[in-house]
Amino acid sequence: MAYFFQEPSHTFSEYLLVPGYSSADCIPANVSLKTPVVKYRRGEECPLMMNVPMVSAVMQAVSGDKMGVGLAKEGGIAFIYVSQPIDQQAEMVRRVKGYKAGFVTSDSNLRLTDTLADVLSLKEKTGHSTMAVTSDGTGTGRLLGLVASRDYRVSRMDPATPVKEFMTPFEKLIYAPEGTTLKEANNILWDRKLNALPIVSEEQRLVSFVFRKDYDSHKENPLELLDKQKRYVVGAGINTRDYAERVPALVEAGADVLVIDSSEGYSEWQARTLAWIRENYGDTVKVGAGNIVDGEGFRFLADAGADFVKIGIGGGSICITRETKGIGRGQATAVIDVAAERDRYFEETGVYVPICADGGIVQDYHLTLALAMGADFCMLGRYFSRFNESPTSKVLINGSYMKEYWGEGSARARNWQRYDLGGAAKLSFEEGVDSYVPYAGALSDGMATTLSKIRSTMCNCGALTIPELREKAKLTLVSSVSIVEGGAHDVLLKDSAGAAGRN
């Protein structure tokens, strides 16, 4: 006979935190959101920590190289999506790692035959106003000149004007030779009042750029997450199919942490993938596994060598796995169950394996609930897909700007290996949908609000760190009537009244 869990599973929306005593020191400015990402032994330091407990989902519509840079600036980690060719994914990782090093490979390049129209199109595509004009239109070609916004006036120039007529030619450029240190390059930027400094080889080939804004960015982002070489930390997804080719490419590109991207992780396929990585790289390559929804699944992956374990099946806003296959579990219950097993595992083995709540985060306060229930950090898709830094297009729908957002199990993503159970047959039905989400502007602004809420709620619970929140939190289940009571009710909101009056 099948095993029946005695209690129903619950979602985050069914819980509230009961406030605890707050001392005078318990103010948001004193809260630390540092959290471990990968496993470590009792008495040792975790080799990879984050400054905020948020990572972006391994999805085409969420985690490209721009998200990698943007999220690392805020103290989190983006996991570059795996449903693309290996060389393209590795190049995305390489771009993130090269960005914070200060020497940025140019990805906005022109030929002499290009026109002002091409300049404007490229600016719209990349968002960059400084563009290199090279012999072959690549970021490593012979540098012939630069085009910056000061070099043209759209209102007074024909879009067909060739680049060579208004660019700043090489002879008039201030540049630095290959081998210049970052400190020396920054000094030139400041002394010569430049926004960008090209680094050029002896053969006049463009090597990279150093930008003034990168220096300013470091001062403006105190939580940014850097490796030992002062480069941004970035993650990448892998699958259980081509790991023998994909893992070496991602490691060579500089990925700091990997994660097996799968809708269901309690499988021999994940154990095989982890075993291959341990056999070939030992513990030097950090890799998470999942997803699972109970303690049994956690222990299986922890024993198999996972550095962290992801929790959640079917809870994502674009995921229809529960509808199509009838598997999954309420995310709050899953996190509570797995957290208890994580703690038992730590007591038995002395190895702490962090857990990641993946999916089911609808409101900002759900993040705080997940942390209180035992999650070390949370993976979010819909949340991050709304911002400028996600790879998707911004579109106008019924007068409002939206961003496209689709699941990895949708026909659009065609990421069938994520749901494939092995063997020759491939999945023939969808487990994700194609949708829109409201556009939310800049990542930094959105995260600032979210993190402010988390810190404030932690103070309400008398906690200044995530481990302290876990110890002090008091959680209560709420009824459906209590949920209604928690929002605005029994009043006519002014915006609604105004709309009614206008109609």
Residue pair Val287 / Val257, side-chain heavy-atom distance below 4.5 Å: no

Leu17 and Asn460, any side-chain heavy atoms less than 4.5 Å apart: no

Non-hydrogen atoms of Ser208 and Thr105 that approach each other most closely: CB-N, 4.4 Å

Side chain to side chain donor-acceptor pair (under 3.5 Å) between Tyr232 and Glu224, intermediate numbers included: CA-CA 8 Å; Tyr232 282 137; Glu224 64 182 358; 3.2 Å; yes

Any donor-acceptor N/O pair, Asn239 side chain to Asp242 backbone, under 3.5 Å: yes

Minimal non-hydrogen separation, Pro248 against Tyr281, with atom names: CA-OH, 3.3 Å

Rounded distance (nearest 0.5 Å) linking atom CG of Leu469 with atom CD1 of Ile454: 10.0 Å

Close aromatic pair by centroid cut-off 6.0 Å: Phe377 and Phe308: yes

Flag for Ser390-Lys403: side-chain donor and acceptor within less than 3.5 Å: yes

Val58 side chain near Met379 side chain, heavy-atom distance below 4.5 Å: yes

Other residues, nucleotides, ligands: >12 heavy atoms within 6.0 Å of Glu45 CD: no

Side-chain heavy atoms of Asn388 within contact of Leu443, under 4.5 Å: no

Interatomic spacing from CZ in Phe103 to CZ in Phe209 - rounded to 0.5 Å: 13.0 Å

Salt bridge present between Arg41 and Glu44 (N-O < 4.0 angstrom): no

Side-chain donor-acceptor pair present, Tyr383, Asp364, cut-off under 3.5 Å: no

Parallel, tilted or perpendicular, as decided by the 30° and 60° cut-offs, for the rings of His366 and Phe12: tilted

Exceeds 12 heavy-atom contacts within 6.0 angstrom, atom CZ of Phe346: yes

Residue pair Arg329 / Phe5, side-chain heavy-atom distance below 4.5 Å: yes

Closest heavy-atom pair and its distance - Val55, Cys356: CG2-SG, 4.4 Å

Heavy-atom donor-acceptor pair, Ser63 side chain to Ala57 backbone, under 3.5 Å: yes

Ion pair Glu341/Arg344, N-O distance below 4.0 Å: yes

Exam field: side chain Asp227 to backbone Gln229, donor-acceptor pair closer than 3.5 Å: yes

Note: Arg278-Asp307 ion pair, threshold 4.0 Å (strictly below): yes

Salt bridge Asp376-Arg342, side-chain N to carboxylate O under 4.0 Å: yes

Interatomic spacing from CD in Glu14 to CG in Leu369 - rounded to 0.5 Å: 11.5 Å

Stepwise side chain to side chain donor-acceptor pair (under 3.5 Å) test for Asp25 and Asn30: CA-CA 7 Å; Asp25 292 330; Asn30 292 338; 5.1 Å; no

Pair Arg231 + Asp256, salt bridge at N-O below 4.0 Å: no

Worked verdict on Tyr266 versus Asp294 for side chain to side chain donor-acceptor pair (under 3.5 Å): CA-CA 10 Å; Tyr266 192 177; Asp294 63 3; over 6 Å; no

Neighbour count above 12 (heavy atom, 6.0 Å) for Tyr401 OH: no

Leu182 backbone acceptor or donor facing Asn186 side chain under 3.5 Å: yes

Test log, rule side chain to side chain contact (heavy atoms under 4.5 Å, CB included), inputs Phe298 and Val353: CA-CA 9 Å; Phe298 167 85; Val353 181; 3.9 Å; yes

Side chains of Glu389 and Val69 in contact at under 4.5 Å (non-hydrogen atoms): no

Thr465 side chain to Ser32 side chain, donor-acceptor N/O pair below 3.5 angstrom: no

Heavy-atom side-chain contact between Leu250 and Ile238 under 4.5 Å: yes

Separation between CE of Met92 and NZ of Lys66, rounded to the nearest 0.5 Å: 10.5 Å

From CA spacing to verdict: salt bridge (Lys or Arg N to Asp or Glu O under 4.0 Å), Glu348, Arg299: CA-CA 12 Å; Glu348 294 172 16; Arg299 187 166 285 264; 3.0 Å; yes

Gly237 backbone acceptor or donor facing Asp261 side chain under 3.5 Å: no

From CG (Leu48) to OG1 (Thr35), nearest 0.5 Å: 10.5 Å

Considering all heavy atoms, the nearest Met458-Thr368 contact: CG-CG2, 4.3 Å

Worked verdict on Thr11 versus Gln331 for side chain to side chain donor-acceptor pair (under 3.5 Å): CA-CA 5 Å; Thr11 67; Gln331 186 70 337; over 6 Å; no

Lys286 side chain to Asp283 backbone, donor-acceptor under 3.5 Å: yes

Glu74 side chain vs Asn51 backbone, donor-acceptor pair below 3.5 Å: no

Any Ile277 side-chain heavy atom under 4.5 Å of Val247 side chain: yes

Glu404/Lys394 salt bridge by N-O under 4.0 Å criterion: no

Rounded distance [0.5 Å steps], NZ in Lys472 versus SG in Cys461: 10.0 Å

Whether Gln60 side chain and Tyr81 backbone form a donor-acceptor pair below 3.5 Å: no

